[in-house]
Amino acid sequence: MKFVFDLDGTICFKGQPLSAGIIAALESCLQNGHEVIFASARPIRDLLPILPESMHQFSMVGGNGAFVAVDGAIKEIVAFEGHIVEDIKHIITAYQLAYLVDGDWDYAFTGSETHPIYQNLDPLKLAKQVTLQELKDIVKIVLFPGAYHLEIVAQLQKLPISIYEHASENIIDISPSGINKWTGLEKLGVEQNQFIAFGNDANDASMFVKALDSVCVGAHEVGQLTTLQVPSEETAVIEMIQRLNCLSASH
């Protein structure tokens, strides 16, 4: 069985690397012959620092589906079309928005260094921070809408893009049209009803509805789409991983 894990708020908490308990649970899945895949909103660059080095070769979906990595190398990147980037730039300018924009590896950031997202931004200094104008292929955009959240979403909804709102952090996460975690998993050869998915937020919905079993970590409304739900507590998550690991190994 393939086990697909979101990271932040699902199996890693407060931006910290995977704990020894979580790592042991994942290794137990491997020992039972299962495959472990990671599917995150983070670009691959920012996904690696929270994983043990032994898992850097695992198949990964990053940027909510815009990045796909296999055997430690990025296999595919889906970028925004140029005219869409220009439309989003106009919105940024009109509302004087702060942003985090990811290219294929480097990034542009104008947000506050006190925002949680900054704490997870290229902690190993693997990339360069550049200006928005210097980025060529733009793959993922995070906007900090401040008090203009509703207005910004209304403007963005006019564009052919994928939008994920994260109210707790007051950010708007944008990916190219038709890109989501499930499309990324498909590129890895994952088939519908042939995997188990763990996640905690709206950007996990696309894989939840395709999974054989799905686990929502925490009380997010996306739990309405899952077959199982656990509290946002590491112990509860570990117990659920172990439970499904054993059940899947017995079939």
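In this structure, a donor-acceptor pair under 3.5 Å is present between the side chains of Ser19 and Glu234. At a cut-off of 3.5 Å, with distance as the only test, no side-chain donor of Asn200 or His220 sits close to an acceptor on the other residue. Checked by atom type, the side-chain pair Ser162/Asn180 shows no donor-acceptor distance below 3.5 Å. Side chains of Asn203 and Asn64: a donor-acceptor N/O pair is present below 3.5 angstrom, by distance only.
With hydrogens and angles ignored, the 3.5 Å screen pairs no side-chain donor or acceptor of Arg42 with any backbone N or O of Leu47. In terms of modelled atom types and a separation under 3.5 Å, the side chain of Glu134 and the main chain of Thr131 share a donor-acceptor contact. In terms of modelled atom types and a separation under 3.5 Å, the side chain of His56 and the main chain of Leu48 share a donor-acceptor contact. Counting only distance, with no hydrogens or angles, the side chain of Ser175 and the backbone of Lys140 share no donor-acceptor pair below 3.5 Å. No donor-acceptor pair under 3.5 Å is formed between the side chain of His34 and the backbone N or O of Phe3. Distance alone, capped at 3.5 Å, places no donor-acceptor pair between the Glu239 side chain and the Ala236 backbone. Of the possible polar contacts, one joining the Gln119 side chain to the Glu113 backbone as a donor-acceptor pair under 3.5 Å is found. Put simply, the side chain of Gln129 gets close to the backbone of Phe109: a donor and an acceptor are under 3.5 Å apart. Between the Thr93 side chain and the Lys89 main chain, a donor and an acceptor come within less than 3.5 Å of each other. A donor-acceptor pair under 3.5 Å is absent between the side-chain atoms of Thr183 and the main chain of Ile179, judged by distance alone.
By the 30° and 60° cut-offs, the orientation of the rings of Trp182 relative to Phe195 is parallel. Aromatic ring orientation, Phe58 versus Phe38: parallel (interplanar angle below 30°, classes split at 30° and 60°).
In this structure, the side chains of Val130 and Tyr107 stay at 4.5 Å or more apart for every pair of heavy atoms. Between Glu233 and Val237, every side-chain heavy-atom pair lies at or beyond the 4.5 Å cut-off. For the pair Phe80 and Val139, the minimum side-chain heavy-atom distance is 4.5 Å or more.
Of the residues Asp201, Asp6, Asp173, the one that meets the salt bridge (charged side-chain N to carboxylate O under 4.0 Å, His left out) test with Lys181 is Asp6.
Between Ile196 and Ser248, the closest heavy-atom pair is CD1-OG, 3.3 Å.
By the 6.0 Å contact criterion, CZ on Phe13 is enclosed, its count of non-hydrogen atoms from other residues, nucleotides or ligands being greater than 12. Summarising the local packing, CD of Glu81 is surrounded by 12 or fewer heavy atoms from other residues, nucleotides or ligands at distances under 6.0 Å. Atom CD of Glu191 has 12 or fewer neighbouring heavy atoms from other residues, nucleotides or ligands inside a 6.0 Å radius.
Atom-to-atom distance recorded for Asn193:CG and Asp213:CG is 9.5 Å, nearest 0.5 angstrom.
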Please evaluate residues Asp106 and Arg45 with respect to the criterion salt bridge (charged side-chain N to carboxylate O under 4.0 Å, His left out), reporting the C-alpha separation (whole Å), side-chain torsions for both, the decisive distance (0.1 Å), and the verdict. CA-CA 9 Å; Asp106 296 329; Arg45 176 200 68 223; over 6 Å; no

What do the steps show when you test Ile171 against Glu165 for side chain to side chain contact (heavy atoms under 4.5 Å, CB included), and what is the final call? CA-CA 6 Å; Ile171 60 174; Glu165 300 177 59; over 6 Å; no

